[in-house]
Number of protein chains: 2
Amino acid sequence: MPDSAIRPRKEFGKTIAADITHRLREEIIACALAPGEPLRFDVLRERFGASFTTLREALTALAAEGLVDAQEQRGFRVAPVSRQDLIEVTDARVLVEVELIRRSIQRGDDDWEIAVISTLHRLKRIEQRDPEHPLRDPEWKIAHRQFHQALVSACGSATLLAIRAELFDRAERYRHLSANFRPRPRDKAGEHQAIMQAAISRNADLAVQLIEAHIRSTADNVATYAAHLLDTE
Amino acid sequence: MPDSAIRPRKEFGKTIAADITHRLREEIIACALAPGEPLRFDVLRERFGASFTTLREALTALAAEGLVDAQEQRGFRVAPVSRQDLIEVTDARVLVEVELIRRSIQRGDDDWEIAVISTLHRLKRIEQRDPEHPLRDPEWKIAHRQFHQALVSACGSATLLAIRAELFDRAERYRHLSANFRPRPRDKAGEHQAIMQAAISRNADLAVQLIEAHIRSTADNVATYAAHLLDTE
DNA sequence: CCAGACCTAATTTTCGAAAATCATACCGTT
DNA sequence: AACGGTATGATTTTCGAAAATTAGGTCTGG
């Protein structure tokens with residue numbers, strides 16, 4: 001990855017504000033910025049090399065996504081975590097994801113099947129290469145995200161996909177939170193494989209059941225291994 | 001604190017940006033700013049009396065809510081409307097609202113019942129007073145919003161309530177869109193009464209059925225009377 | 001010693017100028 | 001006339017100084 005000195009001021013054709021929103025989002029999801037941590041402008045200014053107002057715009061956008069907590073006249077902080085919030089995010093994810101899987105299975109065409117199969121294939125490849133700590137591998141994170149994205153991509157509702165994406169981000173932050181304390185990842189590969197097969201064979205009820213179990217067991221895992229981070233709030 | 005003779009620039013304790021976000025949201029929902037209309041800074045600056053960056057922050061927040069469309073490097077515009085978007089918003093609302101009604105009916109306590117009954121009462125009072133064009137009456141709009149809010153308020157999930165609120169706003173904009181062309185409002189009072197009774201008597205299945213019909217028939221109404229505004233996009 | 005008013009420093013929030021980018025009209029060439 | 005490049009004006013985007021607000025510490029009176 002390019003050094004920050006070499007890195008262009010902003011990504012392809014986009015505004016600096018949008019770029020910083022993206023970078024901040026990644027850092028918050030990865031818990032490089034800890035939950036509840038104050039986001040002071042001096043610090044951010046130095047870290048991201050942007051002005052007050054540009055940073056403010058990025059923080060406002062992330063506040064609307066639920067990753068940042070805006071305290072009027074008292075600045076911003078990384079959205080705190082809690083057991084209650086984890087439960088809410090999990091339940092909301094199940095509600096939305098189940099609906100989108102059903103729609104995608106009903107509406108998905110050949111391209112959808114190909115996307116599901118190929119994104120799973122890539123995910124498994126990466127897991128074979130280094131089965132240790134998947135969440136620490138940026139490539140695994142991207143591949144994992146793309147597989148789940150592909151599963152629901154044929155649902156036909158940009159509105160619900162946007163909501164799903166926000167909930168996915170918030171859930172991923174909790175996964176990172178517990179990643180450092182989890183002794184060994186469970187058998188996600190097998191779960192993903194089963195979900196893919198249920199989806200491709202158009203077995204909606206089975207796919208829905210597997211997805212719900214997948215989401216809930218991940219959340220349970222977080223609740224167990226990050227318990228000490230969730231109760232002190 | 002300078003007690004200026006002029007009216008206060010903002011609501012007490014809030015930032016100007018938050019205040020402008022609120023005012024812009026109201027105007028977009030009410031279609032005082034037409035769908036698709038470009039939001040140029042000179043114009044907004046004069047209308048809202050704020051600087052570029054403050055306005056930019058407000059527009060960014062509204063973009064995250066789906067009421068404004070940010071076109072990188074080419075400014076902002078009011079989010080366009082379309083038949084497809086109306087369908088998506090309606091379906092998403094049904095999905096979320098049905099879930100929240102179920103939870104509220106299961107969990108609601110005495111205070112919840114009181115809130116449902118009293119907000120409906122107020123709504124009916126306002127309708128009696130002036131049964132003509134409810135959407136043009138700010139008081140009716142607030143009362144209507146508060147009744148529906150009360151119905152789901154006991155669901156126990158701030159996360160889902162926030163998602164619901166965004167979808168409600170987007171749907172309300174469509175209602176305003178058709179309000180000018182609808183010959184006569186249908187019998188909403190009766191529908192609200194029936195929903196309240198089903199909720200209070202803890203008949204979840206009936207309440208869900210009524211809510212879904214309520215949402216869908218409203219959307220159908222919009223699709224009919226605002227057809228000429230939805231197809232040209 | 002405590003409560004509360006006051007002052008100062010730290011921090012956020014807002015502003016308008018300046019830089020960057022986009023849209024359009026103009027011009028010369030094929 | 002069609003095309004492509006370029007200058008020009010319009011508009012957005014970014015910046016850092018300045019204003020506004022909060023946080024924290026000090027002093028005073030009871």
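A, B, ... follow the sequence lines: proteins, then strands. Residue 1 opens every chain.
In this structure, A:F76 reaches the sugar-phosphate backbone alone: every heavy-atom distance under 4.0 Å involves primed, P, OP1 or OP2 atoms, never a base. Heavy atoms of B:T54 sit under 4.0 angstrom from primed sugar atoms or phosphate atoms, though from no base atom.
In this structure, the nucleotide among D:dT14, D:dG16, D:dT11 sitting nearest to the side chain of A:T53 is D:dG16. For B:R40, whose side chain is taken as the heavy atoms from C-beta onward, the closest listed nucleotide among C:dT11, D:dT11, C:dT14 is D:dT11.
One interatomic measurement links the two molecules: CG of B:L39 to P of D:dT11, which rounds to 14 Å at whole-angstrom precision. Here the C1' atom of nucleotide C:dT13 and the NZ atom of B:K14 are 16 Å apart, to the nearest Å. What separates CZ of A:R56 from C1' of D:dT13 is a distance of 17 Å, to the nearest Å. Note: CD (A:E46) to C1' (D:dG16) measures 16 Å, nearest angstrom. When rounded to the nearest whole Å, the span between CZ of A:R45 and P of C:dT12 equals 12 Å. Computed from coordinates, the A:L44 CG to C:dT11 P distance equals 13 Å when rounded to whole Å. Counting to the nearest Å, the P atom of D:dT14 and the CZ atom of B:F41 are 10 Å from each other. Regarding B:Q73, its CD atom lies at a distance of 12 Å from the C1' atom of C:dA19, rounded to whole Å.
Nearest-nucleotide mapping onto DNA chain D: of A:F52 and A:R74, the residue sitting toward the 5' end is A:F52.
Salt-bridge check for A:R103 with A:E99: passed, with a basic side-chain N closer than 4.0 Å to an acidic carboxylate O.
Screening B:R129, B:R145, B:R125 for a salt bridge (charged side-chain N to carboxylate O under 4.0 Å, His left out) involving B:E139 leaves a single residue, B:R129.
By the 6.0 Å and 45° rule, A:R122 does not stack over the aromatic ring of A:F147.
No side-chain heavy atom of B:D91 sits under 4.5 Å from any side-chain heavy atom of A:T159.
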